[in-house]
Amino acid sequence: METLTLFLFCFVLILFISLGFPIVVALFTGLVIFFIYGFYQHFSFAQILQMCIDGIKEAGNIIITMLIIGILTAMWRASGTISMIIVYAGYFIKPSIFLFMSFLLNCIVSFLLGTSFGTAATMGVICATMASTMDIPVVLAGGAVLSGVFFGDRCSPLSTSAILVSEVTHSDLYVNIKNMFKTAIVPFVVTSLLFLVIGFVTPHKSINMDLRVIFGKEFNLAWFLLIPAVLILGLSAFRVKVKCAMIASIFSAIPICLFFQHIGIVELCKIALFGFKASNGEVGKMLNGGGLLSMINVVFVLCISSSYSGFFQKTQLLSKLKAGIKRLSEKITNFGALVATSFLASAIACNQTLAIILTNQLCKDLEKDNSKMAINLENSVVMIAGLIPWSIAGAVPLASIGAPLSSLFFGFYLYLIPLWRLIVELFNKNKKNNLE
């Protein structure tokens, strides 16, 4: 029955996603399947519902954080903070090192914003536009952008995936970020070198795109528009709680919106709720979005995914699969088994949030150290989710910049992170075996 239930769950998810149904509908249908399994196991409706509620309660903190992020991104858009980040970043894009700078600039912007989708829709769109103008293949630009946006999606203190990992593993976010930087050094350097080499051998032509003029059509631009971003980085450096740092950043953006961008209080409240909408169409293509309501779909996905977590903890649905993963870990290390599980979970889930929760559920018994489990998840499923062609994790950023799915082959950073970690773990295992 367990095998049949899991097979039916996988089939429904893949079928619904392939038919274009919203991910929330697919996940809710999966929840119905699990309810039926619970009835088969003689659990009452009230008991199953309580399991789901318990799972959602555990995600309460991150749900609140996500809603705050929605307001934060709207304020950064309305105040001109994101525009100034992009304007200053644009000065460093040169034709001969375009791919490398695209990777690096998307790394910086994604670290500041904490979102792969938001970065791709802003800095990513600009890089793709420049690539087209320079006659640089968009498939290469897509790989550079995708690599960059996942840098911050993995290790930014504002990243919902980083916050989710810290919550499900009960680990410290800032300790996780420190470990993420350490384990990313080699993949980051190798990715940079690859884009430098490819960039030098790729034919191109020069362009002249003045980003200050483009964004100046919508905003009054000045250096102090960066204050909300600088503030959140500064507070994070002093390990201030993420929610407090984000709220402080929001309040720092409000006077900029009111007195420098001349946005009324009523309009600002609407922006916080519904998101920013530029009056200039060219700017709007890059900056429209954000707002509390923009996170509702993500919150629904997280709630349903978290209800799965509560259900899995109280039933034996995953017990046989966990046993198989344990046996696999003895052959290819705990991290190797986690990588294999990540591919399976990401392929089934079609989104990063559920993939993280499923992988943690299946593999959490492999590692007792919460911080190590957190970094293992960051080095595996967080990256691998973006490599699955039918998952929204990688497909949405590429679609937003107009790059083909074949750009996944050039998303070097996404597979160098798990590959490098796997090499290190296998080396350590062989070293330990030789000593014994």
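We number each residue from 1, following the sequence as shown.
- What you find for Ala141 and Phe98 is that their closest heavy atoms are CB-CE2, 4.3 Å.
- Heavy atoms only, all atoms of each residue included: Ile136 and Leu99 are closest at CG2-CD2, 4.3 Å.
- At a threshold of 4.5 Å between non-hydrogen side-chain atoms, the residues Ile304 and Val24 count as touching.
- Phe260 and Phe224 have perpendicular rings, their planes meeting at more than 60° on a 0 to 90° scale where under 30° would count as parallel.
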Test side chain to side chain contact (heavy atoms under 4.5 Å, CB included) applied to Met246 and Met75, step by step: CA-CA 11 Å; Met246 288 191 292; Met75 291 296 101; over 6 Å; no

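- Within a 6.0 Å radius of CZ in Phe35, other residues, nucleotides and ligands contribute more than 12 heavy atoms.
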Ser249/Trp76 under side chain to side chain donor-acceptor pair (under 3.5 Å): CA gap, chis, key distance, verdict: CA-CA 9 Å; Ser249 181; Trp76 279 22; 3.0 Å; yes

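- Leu338 contributes atom CG, which lies 8.5 Å from atom CG of Asn360 (distance to the nearest 0.5 angstrom).
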Candidate pair Arg421 and Asn376, rule side chain to side chain donor-acceptor pair (under 3.5 Å), full reasoning: CA-CA 9 Å; Arg421 195 62 198 168; Asn376 283 345; 4.7 Å; no

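- Screening Thr119, Val145, Leu146 for a side chain to side chain contact (heavy atoms under 4.5 Å, CB included) involving Pro397 leaves a single residue, Leu146.
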Check against side chain to side chain contact (heavy atoms under 4.5 Å, CB included), Cys363 and Lys322: CA-CA 7 Å; Cys363 300; Lys322 283 183 177 180; over 6 Å; no

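- Heavy atoms of other residues, nucleotides or ligands lying less than 6.0 angstrom from CZ of Phe427 number 12 at most.
- Between Ala74 and Ile271 the shortest heavy-atom distance is CB-O, 3.4 Å.
- Put simply, the side chain of Asn334 gets close to the backbone of Leu366: a donor and an acceptor are under 3.5 Å apart.
- Between the SG atom in Cys303 and the CG atom in Leu27 there is a gap of 11.5 Å [rounded to 0.5 Å].
- Smallest separation of non-hydrogen atoms from Cys127 and Asn106: SG-ND2, 3.6 Å.
- Distance check: Leu414 CG to Leu408 CG gives 8.0 Å after rounding to the nearest 0.5 Å.
- Inter-residue side-chain proximity for Trp223 and Tyr88 is flagged as met; some heavy-atom pair is nearer than 4.5 Å.
- Distance alone, capped at 3.5 Å, is enough to place a donor-acceptor pair between the Ser110 side chain and the Gly152 backbone.
- Side-chain rings of Phe21 and Phe16 approach one another, their centers coming within less than 6.0 Å.
- The CD1 atom of Ile53 lies 4.0 Å from the CG atom of Leu49; values are rounded to the nearest 0.5 Å.
- The environment of Lys178 atom NZ is sparse: at most 12 non-hydrogen atoms of other residues, nucleotides or ligands sit within 6.0 angstrom.
- Between the side chains of Asn176 and Ser166, no donor N or O sits under 3.5 Å from an acceptor N or O.
- The closest donor-acceptor contact from the side chain of Ser407 to the backbone of Ala403 lies at 3.5 Å or more, if one exists at all.
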Trace of the side chain to side chain contact (heavy atoms under 4.5 Å, CB included) decision for Ile97 with Phe200: CA-CA 7 Å; Ile97 54 172; Phe200 275 116; 4.0 Å; yes

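- With respect to Ser192, the side chain to side chain contact (heavy atoms under 4.5 Å, CB included) criterion is satisfied by exactly one of Phe412, Phe103, Tyr413: Phe103.
- Across Ser83 and Phe219, no two heavy atoms sit closer than the pair OG-CE1, 3.1 Å.
- Within the 4.5 Å cutoff, the side chain of Phe34 has no heavy atoms near those of the Ile48 side chain.
- Side chains of Thr333 and Leu422 form a contact here, defined as non-hydrogen atoms less than 4.5 Å apart.
- You'll find the side chain of His262 reaches within 4.5 Å of the side chain of Asn220, heavy atoms only.
- Counting heavy atoms from C-beta on, the side chains of Met373 and Asn370 never come closer than 4.5 Å.
- Here the side chain of Thr169 pairs a donor or acceptor atom with the backbone of Val165 at under 3.5 angstrom.
- To the nearest 0.5 Å, the span separating CG on Leu112 from SG on Cys107 amounts to 11.0 Å.
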Side chain to side chain donor-acceptor pair (under 3.5 Å) assessment of Gln352 paired with Asp153: CA-CA 11 Å; Gln352 194 183 58; Asp153 188 76; 3.0 Å; yes

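- By the 4.5 Å heavy-atom criterion applied to side chains, Ile296 and Leu293 are counted as neighbours.
- Using a distance-only test at 3.5 Å, with no hydrogens or angles considered, a donor-acceptor pair links the side chain of Thr73 to the main chain of Gly70.
- The main-chain N or O of Met180 is found under 3.5 Å from a side-chain atom of Arg154 such that the two form a donor-acceptor pair.
- Taking 4.5 Å as the limit, some side-chain heavy atom of Gln261 sits within range of a side-chain heavy atom of Leu225.
- Under a cut-off of 6.0 angstrom, the local environment of NZ in Lys364 is crowded, with over 12 non-hydrogen atoms contributed by other residues, nucleotides or ligands.
- Of all heavy-atom pairs spanning Glu378 and Ala162, the tightest one is OE2-CA, 3.3 Å.
- Looking only at distances, no side-chain donor or acceptor of Arg77 sits under 3.5 Å from a matching main-chain atom of Phe276.
- Taking the six-membered ring wherever Trp is involved, the centroid distance between the rings of Phe151 and Phe188 falls below 6.0 Å.
- Within a 6.0 Å sphere centred on CD1 of Ile265, heavy atoms belonging to other residues, nucleotides or ligands number 12 at most.
- With hydrogens and angles ignored, the 3.5 Å screen pairs no side-chain donor or acceptor of Glu218 with any backbone N or O of Ala278.
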Steps toward side chain to side chain contact (heavy atoms under 4.5 Å, CB included) verdict (Val381, Ser346): CA-CA 7 Å; Val381 64; Ser346 298; 3.8 Å; yes

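- In this structure, NZ on Lys243 lies 8.5 Å from CD1 on Ile163, to the nearest 0.5 angstrom.
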